[in-house]
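Here is the structure we will look at, set down as structure tokens.
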Amino acid sequence: MKLAIANTFSEELPADPIQENYRRQVRNACFSYVNPKKTNNPKILHVSNEMMEELGLSKDDTISDEFLQIMTGNKVLEDSKPYCMHYGGHQFGHWAGQLGDGRAINLAEVEYNSKRWAIQLKGSGETPYSRNADGLAVLRSSIREYLCSEAMFHLGVPTTRALSLATTGDQVLRDIMYNGNSAYEKGAIVSRVAPSFIRFGNFEILAAYKDHETLKALTDYTIKYYFPEIKAGSKEGYLEFLRSVSSRSLKMVIDWQRVGFVHGVMNTDNMSILGLTIDYGPYGWLEGYDHGWTPNTTDRQFKRYRYGTQPEIVLWNLYQLANALYPLIEEIEAIEEILHEYQNTYKQEYYTMMCSKLGLFNTQMRDEVLVKDLEEILQLTETDMTIFFRNLANYTKGDANDFMKIIKDAFYHVEEVEGPILERWNEWFSRYDQRLGLTSLDDTERKNKMNGVNPKYVLRNYMAQLAIDDADKGNYDLIDELYQMLKKPYDEQPEYEKWFVKRPDWARNKVGCSMLSCSS
Ligand code: AMP
Ligand code: MG
């Protein structure tokens, strides 16, 4: 197996001088060296072909024993020294101090086709940042991260990627619902890949310790490798950096809203500085369109990270990043301008995106009202987001009286669509029809364009759970079936039509389907 190792993070930034693996508070460093834990009886369950090719690996490489041993922690890549990153973060609105890679270990950075990739093992044992936890991951959460990160990539949403999914042969103790019922589960490791895994929290921890020298080094490093269009070393450069992170994060969250993805734990340690979706934990996909929905049971009470607030939370998180970068910039007004810009641009981009879901590709002033009304009506009775928008593309101009035949499959309780609710729909469709009358696209052209923004297939919560249930019994076929299907989420793929359905009733209140905890 040939990987062109080109480590920069660990070569150019200050390391924690201690190399033993025990829990500690780390200062004046961006990372600590640590080796992955050996695994007992590792098995690769799945490899992402697309990611394999991105890294210049062949099929033979990925079925080799070397690949298996490296991607499950038993062997370290030649010419590389694994390490975990030092970061802090705001969790659920509060500063949490040092966090760091508690169960993720960076193996190396590699270069291929002029691209830089960091390869990381998630679930490969304790690190200096593991606090009171074991550094391990279980199969269910690993399947969820593996499938979802690749699915998001194919949906066109900025994300970290996954290369391989493996079981370790070791048992891991978990209390899924935090109710005292601990049980052993299969241990697993995902090898995940991204240009870099640097988070907002990497900057925050250095600012919190007033370690401005290392903060500057980390910022200059990040700009040099990941924002090469910016000139580092000046206040203008750091402001430009903040602006760029802000616009990348904005693009990411608009995409989340478009496809109905709810991250579930948008703490600042889970915000990638590159604007990638990172750390797939208790995430979920909207089934019924509902601004108030969160999959995360830990967040049930305040619903801080519910679907409808995700864009505001990104802004809140950007404020924390801005605070961290302040010592390098020292210009409050210029910083505030960038954050205000996020707010304004967000509104614009959001409505443009929502209009595209409706097949309106040249937006007009009054479209905002059409979108707002639709958002309201969609929440009057449980209405499946994916099915609604996908089927809306079948609408033909002039057919406003017959709208029910287009959208009825999206309703969980079609009998509730009567009286005032039916009236609202009637009224909305007649306005929608009038608005479509002002567009130049014909029905077929509009449908084709809409199908490019409204996915037909997403990783519904119950689908991942079915794959997990099978995998627990040793059957991994469904992992591959979902993986293959989710490679082309915008295509019709009639062979997978059975997955273009509403959430089945059994999944409504099942753990893992509608309720997830951080216990992974
Ligand atoms: P998360 O909310 O999963 O992103 O994790 C928040 C923090 O807890 C990070 O510092 C993780 O590395 C750490 N963490 C989560 N699970 C574990 C685990 N099983 N062992 C060690 N650290 C963990
Ligand atoms: Mg995390």
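Computed from a predicted model, the values in this text were never measured in an experiment. Read the numbers this way: they start at 1 and go in the same order the structure lists the ligands and their atoms.
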For [X], which part has a heavy atom under 4.0 Å from ligand 1: side chain, backbone, both, or neither?
X: E126; result: neither
X: R174; result: side chain
X: L99; result: both

Geometric N/O contact [X] with ligand 1, under 3.5 angstrom:
X: D279; value: yes
X: V265; value: no
X: D134; value: yes
X: N270; value: yes
X: A133; value: no

Check: With sequence neighbours excluded, what pairs up with E66 under the salt bridge (charged side-chain N to carboxylate O under 4.0 Å, His left out) test?
Finding: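 Counting only residues at least two positions away or on another chain, E66 forms a salt bridge (charged side-chain N to carboxylate O under 4.0 Å, His left out) with K75.
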Next item on the list: Kindly confirm whether the Mg ion (ligand 2) is within less than 2.8 Å of some N/O/S atom in D279?
Entry: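 Checking the Mg ion (ligand 2) against D279, an N, O or S atom does fall under 2.8 Å.
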Next item on the list: Could you check if a side-chain atom of R144 sits within less than 4.5 angstrom of a side-chain atom of Y280, using non-hydrogen atoms only?
Entry: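 Not in contact.
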Check: Between D220 and K216, is the closest basic N to carboxylate O distance under 4.0 Å?
Finding: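 Judged by the 4.0 Å cut-off on N to carboxylate O distance, K216 and D220 do form a salt bridge.
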Next item on the list: Answer yes or no: are there more than 12 heavy-atom neighbours, outside E229 itself, under 6.0 Å from its atom CD?
Entry: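 Atom CD in E229 is crowded, with more than 12 foreign heavy atoms closer than 6.0 Å.
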Notebook entry, point to check: Using 30° and 60° as the class limits, which term best fits the ring planes of Y483 and Y146: parallel, tilted or perpendicular?
Noted result: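 Geometry flag for Y146 against Y483: parallel rings.
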